[in-house]
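Reviewing the structure listed below.
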Amino acid sequence: MTGKPPVLKTPIVMTIAGSDSGGGAGIAADLKTFAALGVHGTCAITSVTAQNTTGVLKAFDLAPEAVASQIEAICTDMDIKWAKTGMLASSEIVKEVAKQVKKYRLSLVLDPVMAAEAGGDLLRKEALSVLTEELLPLCKVTTPNASEAGTLAGIPVKSHEDAKLAARKIADLGVEAVIITGGHIDATDLLYESGTDSFTRVPGTFVKGGTHGSGCTYSASIAACLAYGDNLETAAKKAKLFVEQAIVRSVPVGQGVGPVNPLGKTLEDKERYLALREVKEAVSILADNPEFAELIPEVGCNIGMAIPSARTYEDIAAVEGRIVKYGGRGKPVGCVSFGASRYVASVIFAALREKPDIRAAINVKYSEEILEACKEMELGISSFDRAKEPGDISAMDWGTSEAIREYGGVPEVIYDKGKVGKEPMVRLLGKDASEVAKLAVELARRIE
Ligand SMILES: Cc1ncc(COP(=O)(O)OP(=O)(O)O)c(N)n1
Ligand SMILES: Cc1nc(C(=O)O)sc1CCOP(=O)(O)O
């Protein structure tokens, strides 16, 4: 194959919505969702709410010209097709948004936000008819929950049959598609596309966690997926999963309904990817330098790296089955994976408790010569005495903490001279796995 690989353009998406000072719903939820899904997020704020997890205390609506001006600033500069609306507050703002949507030919996802789950109106009563008459007919899709669908359709929605009837009535108002989110009935969403006679069911799972901002997150993820070119059914399925994960990863802040966490998974996935990549790179450095083999202890060696938010062994990437001497080189026995180390992982845990940017370690053979080389390299060195280790906690955790306490910080080298049945060992610590691998290779060269 010749030529350059295609460059994918990052879609730009806009949210036209209110701000939530508590950081859970509104533009905060929307922009986090856009970032997590890899689209560039822009925003036009309609109202500034003084809000927290217990409800909306006050709302300061912006003048319609202020909303128009923000939309204009975005649309005259950027190539933007998809937008979503959230809190629109007043009939004047709804009218202005309808004008701008027409002017810039925006494809719109309308989240008919009416009230906050924890309490507080977000759309004035008189604005509802303007919303249904002037804005809804311009939209590609609307994403009401059962109670919002009931208000839009003018019927109570308590079952799937009610939801089907409501979806048809809402579609008759002129919107191209309706997705009624299932939270208030069961976990199944219903997608209805105008002009068809069939409903698509998007099953989900009731998950435990904070739900504040879940409606915003859902509609924002639909907009992001559509901007990437997904069809509605695919977008609805992806958005459902995304919201479930955001609920599961919610963080308990405040005294009311906890906010969803649209970014959690993505950040951690990225951290895990980077840690795996780092350890693989480190293993290659060790394998490519045969002199390193001389540093491998009888029990084998391992090299590990923790993700920044590490809490368990499963958050530390290392080599399955360790690295052994084979054919005059250091050879990894298995793959690099999370949870593959106990000893080296315990050393890393104890170090990062003291200094969070020290996230990697390797164990190598102990000898007077190796210790001398560490001194020559002017590395910070500390040690512990395995004969004194308490039986009830991890020896490595205890020993590393002892050495750190003795040194007054985290040194680059921690050694022990072993005890009966325990091989003496040197551990090299550093910020990342390739840094400690390079240190090990340098050490090996010095003792050749
Ligand atoms: C400023 C603002 N916009 C929208 C909402 C409603 O968000 P939603 O995702 O429906 O979540 P709950 O408020 O129902 O938890 C809001 N609260 N604030
Ligand atoms: C057996 C052993 N002891 C070590 C020490 O630092 O004392 S390192 C080590 C080998 C590595 O083990 P793992 O794969 O559990 O990290």
Side-chain angles (χ1 to χ4, degrees), residues 15-30 33 45-56 59-61 85-89 111-123 143-145 147-148 181 183-184 210-220 243 246-247 250 256-260 262 296-304 313 316 318-324 332-334 339-348 350 361-366 384 386 389 394-397 399-400 403 414-416 418-419 422-429:
T15 169
I16 306 169
S19 76
D20 165 5
S21 50
I27 58 158
D30 294 342
T33 302
I45 299 179
T46 53
S47 180
V48 176
T49 71
Q51 185 176 175
N52 57 29
T53 60
T54 68
V56 180
F60 303 88
D61 301 343
T85 58
M87 173 185 182
L88 293 175
D111 179 4
V113 170
M114 294 174 195
E117 184 184 347
D121 286 344
L122 300 170
L123 182 73
T143 59
N145 58 32
S147 122
E148 291 160 348
T181 57
H184 294 68
T211 53
H212 177 46
S214 52
C216 303
T217 301
Y218 182 78
S219 49
V243 172
I247 294 173
S250 62
V257 186
V260 294
I296 298 177
E298 292 291 318
V299 291
C301 120
N302 213 338
I303 183 160
Y313 290 123
I316 296 185
V319 181
E320 284 171 11
R322 302 178 187 165
I323 297 170
V324 295
V333 171
S341 156
R342 281 290 174 276
Y343 285 91
V344 167
S346 301
V347 171
I348 295 172
I362 184 172
N363 69 299
V364 297
K365 197 156 85 180
Y366 169 87
F384 61 93
R386 281 203 80 162
E389 75 189 38
S394 150
M396 277 320 104
D397 194 312
T400 309
I414 294 179
Y415 72 91
D416 76 276
K419 66 176 186 181
K422 297 289 175 196
E423 192 179 0
M425 203 71 72
V426 172
R427 297 107 196 152
L428 306 175
L429 294 93

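Along the sequence shown, residues carry numbers from 1. Ligands are counted one by one from 1 in listed order, and the atoms in each one are counted from 1 as well.
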Got [X] and [Y] here, is their nearest side-chain heavy-atom distance under 4.5 Å?
X: Glu148; Y: Thr181; result: no
X: Val333; Y: Glu320; result: no
X: Leu123; Y: Val113; result: no
X: Val260; Y: Val243; result: no
X: Lys422; Y: Asp416; result: no
X: Leu122; Y: Val56; result: yes

Using heavy-atom distances only, which candidate in Arg427, Lys422, Met425 approaches atom 7 (O) of ligand 2 most closely?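 Of the listed residues, Arg427 has the closest heavy atom.
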Could you tell me which atoms of ligand 2, counted from 1 in the order shown, lie closer than 4.0 angstrom to a heavy atom of Val344?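 Those of ligand 2 that fall under 4.0 Å from Val344 are 16 (O).
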Considering the heavy atoms of Met396, write down every atom of ligand 2 situated less than 4.0 Å from one of them.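 Result: 5 (C), 6 (O), 7 (O).
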Counting N and O atoms only, with roles assigned by atom type, does the side chain of Glu423 sit under 3.5 Å from a partner on the main chain of Pro297, one being a donor and the other an acceptor?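 Such a contact is absent between Glu423 side chain and Pro297 backbone.
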In residues 16-25, what donor-acceptor pairs under 3.5 Å come from side-chain atoms, sequence neighbours left out?
unit_1, atom_1, unit_2, atom_2, d
Asp20, OD1, Gly22, N, 2.7
Asp20, OD2, Gly24, N, 3.2
Asp20, OD2, Ala25, N, 2.8
Asp20, OD2, His212, NE2, 2.9
Ser21, OG, Thr49, O, 3.4
Ser21, OG, Gln51, N, 2.7
Ser21, OG, Gln51, O, 2.7

Considering only non-hydrogen protein atoms, determine which one is nearest to [atom] and report residue, atom name and distance to 0.1 Å.
atom: atom 14 (O) of ligand 2; value: Asn302 ND2, 2.9 Å
atom: atom 3 (N) of ligand 2; value: Tyr343 CD2, 3.3 Å
atom: atom 11 (C) of ligand 2; value: Arg322 NE, 3.4 Å

Judged by modelled atom types alone, do Ser346 and Tyr313 share a side-chain donor-acceptor pair under 3.5 Å?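 Result is yes, a qualifying pair exists.
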Do ligand 2 and Ser341 have nitrogen or oxygen atoms that lie under 3.5 Å from each other?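 In this structure, Ser341 places an N or O atom under 3.5 Å from an N or O of ligand 2.
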Quick one: does ligand 2 sit under 4.0 Å from the side chain of Glu423, the backbone, both or neither, non-hydrogen atoms only?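 Neither part.
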Contacts table for ligand 1: protein N or O within a distance under 3.5 Å of ligand N or O, distances only.
unit_1, atom_1, unit_2, atom_2, d
ligand 1, 9 (O), Gly213, O, 3.4
ligand 1, 9 (O), Ser214, N, 3.4
ligand 1, 9 (O), Gly215, N, 2.9
ligand 1, 9 (O), Cys216, N, 2.8
ligand 1, 11 (O), Gly213, N, 3.1
ligand 1, 13 (O), Glu117, N, 3.2
ligand 1, 13 (O), His212, ND1, 3.3
ligand 1, 14 (O), Glu117, N, 3.0
ligand 1, 15 (O), Glu117, OE1, 3.2
ligand 1, 15 (O), His212, ND1, 2.9
ligand 1, 15 (O), Gly213, N, 3.3
ligand 1, 17 (N), Gln51, OE1, 2.8
ligand 1, 18 (N), Gln51, NE2, 3.0

